[in-house]
Amino acid sequence: MPIKVVVAKDAKEMSKKAAAVIAEVVRKRPHCVLGFATGSTPEGTYAELARMNKEEGLSFARVTTFNLDEYLGLDGDHDQSYRYFMNKNLFEKIDIRLWNTFVPLGVAADPGVGCIAYEQYIKAAGGVDLWLLGIGNNGHIAFNEPGSAPDSRTRIVALDKSTIEANSRFFKSADEVPRYALSAGIGTIKEARKIVLLASGPKKANAVKAAVEGPVTIECPASLLQDHPDTTFIVDAEAASKLSGEK
Ligand code: F6R
């Protein structure tokens, strides 16, 4: 199935559309399994889900979640860890049970073994119903940088120079950005029954075009979603600006 593309006028509309798709899955299957991403792009979606939880009674009490990735060496209480991000931006604002939320462990006796266990947890939960993704300027999904294997699983990965630079905006300097992360693999992500990828802003336009209209290649990890049976990109007008196909 080719990737479906929904173009929203701006980041706010993108976030509302994404939250509506997630809410539909939760309403149909209250005990569903959701996959989440961190970064700037999904923040508005999480805010909207928190609003729906508070004002519309959308309950996450029976939902289980898995996050894509975590920096190696950052503990969950580090303010740049992805566990911290999820707790602050979403989990503390909704009625989810924290013990049903999984983020790879950045600090563990053996983080490599933790990656294998993470795959087992996902399987034991029955697989992911919907995985929400962002996209890197270089086309990465989670921390699967260009060159990642299409059948890769959760593992320790080295971050690209461009990703370290892009993420240095959250740290005091690029030197402080961890060089390694734990990341769900492309094979892990593609087992999700439904995938929704968000992109906003002009910096993402090239990556979105390569992913949707370019060849399927490990040079653009998001292009590997082209043969997934149910993937939708929800992008704002700026991120869609280089697409040539029907929008
Ligand atoms: C983080 C993740 C990354 C980001 C990507 C875009 O969990 O999966 O692939 O989605 O780096 O980040 P933002 O949204 O900050 O541009």
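Numbering of ligands and ligand atoms starts at 1, following listing order.
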Basic-acidic side-chain contact under 4.0 Å: Asp230, Lys4:
yes
If you measure from the Lys or Arg side-chain nitrogens to the Asp or Glu carboxylate oxygens, is any gap between Lys190 and Asp227 under 4.0 Å?
yes
Could you list each nitrogen or oxygen of ligand 1 that sits under 3.5 Å from a protein nitrogen or oxygen, with the atom names and the distance?
from, atom 1, to, atom 2, distance (Å)
ligand 1, 7 (O), Thr38, N, 2.9
ligand 1, 7 (O), Thr38, OG1, 2.8
ligand 1, 7 (O), Asp69, OD1, 2.7
ligand 1, 7 (O), Asp69, OD2, 3.4
ligand 1, 8 (O), Asp69, OD2, 3.4
ligand 1, 9 (O), His140, NE2, 3.3
ligand 1, 9 (O), Ala142, N, 3.3
ligand 1, 9 (O), Ala142, O, 2.8
ligand 1, 11 (O), His140, NE2, 2.7
ligand 1, 14 (O), Ser40, N, 3.3
ligand 1, 14 (O), Thr41, N, 2.9
ligand 1, 14 (O), Thr41, OG1, 2.4
ligand 1, 15 (O), Ser40, N, 2.9
ligand 1, 15 (O), Arg169, NH2, 2.9
ligand 1, 16 (O), Lys204, NZ, 2.6

Aromatic plane relationship, Phe91 with Phe36 - under 30° parallel, 30 to 60° tilted, over 60° perpendicular
tilted
Please list all pairs passing the salt bridge (Lys or Arg N to Asp or Glu O under 4.0 Å) test where one or both residues lie in residues 101-112, with sequence neighbours left out.
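Counting only pairs at least two positions apart or across chains, no salt bridge (Lys or Arg N to Asp or Glu O under 4.0 Å) contact touches residues 101-112.
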Taking side-chain hydrogen bond (donor to acceptor under 3.5 Å, both in side chains) as the test, write out the residues that go with Glu43, two or more places apart.
none
Quick one: list whatever passes salt bridge (Lys or Arg N to Asp or Glu O under 4.0 Å) with Arg51, sequence neighbours left out.
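By the salt bridge (Lys or Arg N to Asp or Glu O under 4.0 Å) rule, Arg51 matches Glu48, Glu55, Glu56.
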